[in-house]
Amino acid sequence: MTRPTYYITTPIYYPSNRLHIGHAYTTVAADAVARFKRLQGCDVWFLTGTDEHGRKIEERAAQEGKTPREFVDPVVAGIKELWQLLHIRYDDFIRTTEERHVRVVQELFTRVHQSGDIYAGEYEGWYCVGCETYFTDTQAKDMDGHCREHDRPLERLRERAYFFRLSKYAGRLLRHIEDHPGFIRPESRRNEVLALIRGGLEDLCVSRTSFSWGIPVPFDPQHVIYVWFDALSNYLSGCGYLQDETRYGKYWPADLHLTGKEIVRFHAVIWPAILMAAGLALPKCVFGHGWLVLEGGKMSKTLGNVVDPVVLVGKYGLDAVRYFLLREVPFGADGIYHEEALIARSNADLANDLGNLVHRTLAMIKRFQHGIVAAPVRPEAIDDQFREAVLATPAAVEQAVDGLELSNALGAIGRLVSASNKYIDTTAPWAHFRDGNEGRLATIFYHLCEALRVVAVLLTPFLVETPGKIWQCLGLAGHPGEQGWESLTVWGFTRPGSRVQEGPPLFPRIETSRPAEGGPPPKIHVEPATVEIDDFRRLDLRIGTIVEAQAMPGAARLLRLVVDVGAARRQVVAGIAGEYEPGELAGRQVVVVVNLKPVKLRGVESQGMILTAGDGDRLRLLVPDGPVKEGSPVS
Ligand code: ME8
């Protein structure tokens, strides 16, 4: 059976930038997705690389008294070292200065020229060397003649140039985007691109004569090819186009171009138009993620506020940094970077929840069962429920990664970790040890080892050191990364009789009271986790009117309410008995969460939740400030 293929790319990086935590963010995310797809059994091609041509590089090299080549070579070596440090498992690293890439760019340019979509003309406009982009008079006026991102004045340039007939493709691009809702993600970026195209597209200047560090136009070598035409083509040259037809046939079109939000327009407008002009298939998805910014704004070398990933990994360890990048900010949204938030995340999720779970499970198996995992005996309902939670987690993680909700994927694993800690608290193995109930102990620890096994395998796309450590502690052979997706769908993989090994704490708490080297002790400031608007919209909040209210015998704080929510009546159990008398509630309007999973409270089914606000002393119902029809949505 042939395995499904998955081709994923990152943007290729400018060697003129010092790579910071923002660049690491894109690449770690792509690495996590690539690893996840490998875990699922896909045949993955993960491409990254460097974008080495253009005037910016030519100028930087000249400033340092070097040729462009002398300038880029050591920087590219440094970038590769950074990816090694972060354990980025790419399948290929493409440099735009490589011969295999140059051939592809020249061939593509020639093809589009031959088809009539590249033509000779003259260009005059406002140019920013930092962006390697021309701006129209209106744009330049809006920018006050100055590029804020690169803090340099726009230059007036006039040159003979080749143009790409981008305007011709506006209609086809619009149709493609409308017919393929998953082509540009998330939705907000899709809407931005649609608006941009609907605003009209102008032909694009795709050659330069004002500098020479680039790929020459093959039939007019005084011109070099525009860096974005050159750079975007890496996605073809990096998967074998014109060199390895088998590889190219296998992986193209790419499944996912992962990019920062500011370069979505290059990937979702210019790139597909070039591909259309060359008669090649379009990538399946362009995903524009948000930025990691500092409180003062975007990180940039000009502002001197870049955060160095090498320093962070040295201080906190690779997995804490990878975890933070993937978990803290919903992928797609912007996030504010705080070192304190990294510390807080690592302490709460990794040291407290995961680290403790592993530690206490192993310590108890050692103390109560001489370090041996025994076969389970007659599982009870609580064990069955726990097993179901374990086996449901892989699908939840899969769904989140498929939607590129990487933070939610880790959240789903985190929920299993919490459920495991809760399982220990509820089943209280120490009490069974005291009572000499070996059967119960065997069952509980067997279930916990199975949960830890699943957690270890599910973490392999995201963290690189921790899963192997958990695996070793469980006394399992091999590595969790080699287990394959099927191992997550079966229960009973842990062999009774295996011996666990207690190691050093997985994640020692990062002490924040200790003064940091050369500076004051860091303040703990945790950014509240943000949610996407879609997360909020998943809650179905409705206006309801209370039609009945009764005390619940034996439950001092609870009232049983019947609420009219328009289409139906709901029975809701609410913890407001100390605050309201049943008699004063009938007829009051309230806000009800109507799509909450029903639960039983003191034997009474609660089919929703009523919203209240409390300050610790008093609890008040949240009410509309005038009558509203029952069932009206709250937004
Ligand atoms: O744009 N937060 O290269 P680049 C999140 N060569 N992402 C960030 C970031 C931040 N603070 N800072 C940078 C280029 N990035 C072109 C790409 S692709 C054919 C050519 C991301 O080195 C940025 O959004 O300036 C971009 O996706 C990537 O790093 C490379 O940036």
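What you are looking at is a predicted structure, and each value in this text was computed from that prediction instead of being measured. Positions are given from 1 along the sequence. In each ligand, atom 1 is the first atom listed, and ligand 1 is the first ligand listed.
- Not a single heavy atom of Lys261 sits less than 4.0 Å from an atom of ligand 1.
- Distances below 4.0 Å separate heavy atoms of Ala231 from the following atoms of ligand 1: 19 (C).
- Side-chain atoms of Tyr235 and His267 form a donor-acceptor pair, as typed in the model, at a separation below 3.5 Å.
- Each of Trp126, Tyr127, Phe266 was evaluated against Thr133; a single residue qualifies, Phe266, per the side-chain contact (heavy atoms from CB on, under 4.5 Å) test.
- In the candidate list Gly335, Gly22, Ser16, Gly22 is nearest to atom 15 (N) of ligand 1, counting heavy atoms.
- Within the structure, salt bridge (Lys or Arg N to Asp or Glu O under 4.0 Å) pairs that include any residue of residues 209-222 comprise Arg160-Asp220 (at least two apart or interchain).
- Numbered from 1 in the order shown, with element, the atoms of ligand 1 that lie under 4.0 Å from a heavy atom of His289 read 5 (C), 7 (N).
- Each of the atoms 5 (C) of ligand 1 lies under 4.0 Å from some heavy atom of Gly290.
- Taking all heavy atoms of Trp271, Tyr235, Phe266, Trp291 into account, the minimum distance to atom 18 (S) of ligand 1 is reached by Tyr235.
- In summary, the atoms of ligand 1 found under 4.0 Å from a heavy atom of Tyr13, numbered by their order in the structure, are 22 (O), 28 (C), 29 (O), 30 (C).
- Atoms of ligand 1 found under 4.0 Å from any heavy atom of Thr26, numbered from 1 in the order shown, are 7 (N), 21 (C), 29 (O).
- With sequence neighbours left out, Phe46 forms a ring pair (Phe, Tyr, Trp, His ring centres under 6.0 Å) with no residue at all.
- Residue contact check: Leu292 has heavy atoms under 4.0 Å from atoms 2 (N), 5 (C), 10 (C), 11 (N) of ligand 1.
- No option in Tyr134, Tyr162, Phe164, Tyr226 other than Tyr134 meets the ring-ring contact (aromatic ring centres under 6.0 Å, His included) test with Tyr123.
- The atoms of ligand 1 that sit less than 4.0 Å from any heavy atom of Gly260 are 24 (O), 27 (O).
- For the pair His101 and Asp230, the minimum side-chain heavy-atom distance is below 4.5 Å.
- Taking the six-membered ring for Trp and the full ring otherwise, the centers of Tyr25 and Phe331 sit less than 6.0 Å from each other.
- Other residues, nucleotides and ligands place more than 12 heavy atoms under 6.0 Å from the CD atom of Gln243.
- Listed by atom number, the atoms of ligand 1 under 4.0 Å from Pro11 heavy atoms are 17 (C), 18 (S), 26 (C), 27 (O), 28 (C).
- Trp228 counts as a contact of ligand 1, since one of its heavy atoms falls under 4.0 Å from the ligand.
- Checked against a 3.5 angstrom limit, the closest N/O atoms of Ile12 and ligand 1 fall inside it.
- Note: Phe71 and Trp213 fail the aromatic proximity criterion, with ring centroids not under 6.0 Å apart.
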